[in-house]
There are 2 protein chains.
Amino acid sequence: MFQLDLKNGKPIYEQVVDKFKELIINGVLKPDDKIPSVRDLAQQLTINPNTIQKAYRELEYQGYIYSVQGLGSFISHPKTTIDHVKANQLKEQISSDIFELLYMGIGTQELKDFLSSILTSWKGGKEND
Amino acid sequence: MFQLDLKNGKPIYEQVVDKFKELIINGVLKPDDKIPSVRDLAQQLTINPNTIQKAYRELEYQGYIYSVQGLGSFISHPKTTIDHVKANQLKEQISSDIFELLYMGIGTQELKDFLSSILTSWKGGKEND
DNA sequence: TAACTGTACTAATAGTTATAGTACATTACA
DNA sequence: TGTAATGTACTATAACTATTAGTACAGTTA
């Protein structure tokens with residue numbers, strides 16, 4: 001399903017969480033899609049099942065998947081209400097990253113073009129709904 | 001000089017690093033400004049000097065400060081060349097954060113306005129050079 | 001010399017991460 | 001019914017990280 005970088009410094013379960021979030025946000029995984037079982041994915045990635053379980057628990061806590069005993073784990077439906085606390089955290093992160101880029105000397109026009117290209121490339125799986 | 005959140009989950013030395021980076025990037029601290037000694041800042045924040053030392057070592061490694069034995073630690077002059085590896089890492093982080101905001105349901109126009117306001121507010125201490 | 005500075009260690013403690021193993025409840029299906 | 005697969009919840013252990021504590025040394029200033 002995807003690759004891991006075990007020498008990344010970043011905890012394995014966080015890498016799993018991030019990968020799934022990326023696939024969900026980019027529309028590769030769609031609502032009610034089934035994801036591999038804890039034991040299967042652990043075997044595929046040759047890591048311990050507990051590590052996957054921790055990742056799935058975190059993904060469920062963050063609202064990206066839901067799990068049903070005996071059935072498996074599945075992609076959640078997007079929320080209809082915005083979590084403003086989380087949104088503001090993301091905004092602050094974006095803000096400080098942009099400031100750091102500007103401090104490093106990136107051109108204002110280059111930065112604008114980069115941000116425009118992100119907005120343009122946003123499809124997010126909405127087109128197939 | 002600033003406040004710490006000891007119950008943040010984030011390591012203390014990383015919080016110190018981030019705070020200094022913020023002050024430097026926003027132009028509050030200017031090149032060759034002296035920052036508190038390892039022992040002084042540790043006393044101010046009531047934490048261990050080794051934690052501050054680790055933060056300063058990291059800041060020096062990242063190029064934000066320079067230290068001179070017997071003299072103290074000071075704000076570095078901005079680099080004249082862009083670190084493209086670091087710039088690309090920042091771009092990827094910005095990109096995924098923006099996608100996450102869009103996935104959460106933030107309006108495209110609201111996002112554009114937010115990004116514009118960041119660019120507008122960029123002064124970064126260049127005006128007093 | 002005395003006081004301050006950064007730097008480099010060792011050691012101990014607490015917390016986190018990952019692995020290993022076990023057990024139990026729920027679901028689907030033959 | 002029974003079996004296999006699933007999620008879930010534990011305990012235990014080892015390795016690593018973060019933090020504190022203490023000591024020591026070298027360079028700078030007055």
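Since the model is a prediction, treat every value here as computed from it, not as a measurement.
- Residue pairs meeting the salt bridge (Lys or Arg N to Asp or Glu O under 4.0 Å) criterion with at least one partner in residues 99-115 of chain B, sequence neighbours excluded, are A/Lys21-B/Glu100, A/Lys86-B/Glu100, A/Lys91-B/Glu110.
- Helix bend of the helix from C/dT1-D/dA30 to C/dA30-D/dT1: the angle between its two end axes, each built from five pairs, comes to 20° after rounding to 10°.
- For A/Tyr13, taking side-chain heavy atoms from C-beta onward, the closest of the listed nucleotides C/dA20, C/dA18, D/dT19 is C/dA18.
- For A/Asp40, the salt bridge (Lys or Arg N to Asp or Glu O under 4.0 Å) criterion is met by no residue, not counting sequence neighbours.
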Exercise. In the 5'-to-3' direction, what one-character label does each nucleotide of nucleotides 5-14 of chain C receive under the scheme B = base within less than 4.0 Å of a protein heavy atom, S = sugar-phosphate only, - = no such atom?
Worked result: BBBBB-----

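- Taking A/His77 as the reference, A/Pro31, A/Asp32 meet the side chain to side chain contact (heavy atoms under 4.5 Å, CB included) condition, with sequence neighbours excluded.
- Here B/Lys54 reaches the OP1 or OP2 of D/dA18: one of its side-chain N or O atoms lies under 4.0 Å away.
- One finds the CG atom of B/Leu59 at 6.0 Å from the CD1 atom of B/Ile24 (value rounded to the nearest 0.5 Å).
- B/Glu14 pairs by the side chain to side chain donor-acceptor pair (under 3.5 Å) definition with nothing, not counting sequence neighbours.
- Think of A/Val68 as one node in a network of Ile, Leu, Val, Met, Phe, Trp and Tyr side chains linked at under 4.5 Å; its network also takes in A/Tyr66, A/Leu71, A/Phe74.
- Note: CD1 (A/Ile52) to C1' (D/dT8) measures 15 Å, nearest angstrom.
- For the pair A/Ile12 CD1 and C/dA20 P, the computed distance is 11 Å after rounding to whole Å.
- In this view, A/Glu92 satisfies the side chain to side chain contact (heavy atoms under 4.5 Å, CB included) rule with no residue, not counting sequence neighbours.
- Protein atom CG of A/Asn48 is 19 Å distant from nucleotide atom P of C/dT16, rounded to whole Å.
- In this entry the distance linking CG of B/Leu45 with P of D/dT19 reads 12 Å, nearest Å.
- Annotation: salt bridge (Lys or Arg N to Asp or Glu O under 4.0 Å) contacts involving residues 44-64 of chain B, sequence neighbours excluded, are absent.
- Distance B/Gln43 CD to C/dC4 P: 11 Å, rounded to the nearest Å.
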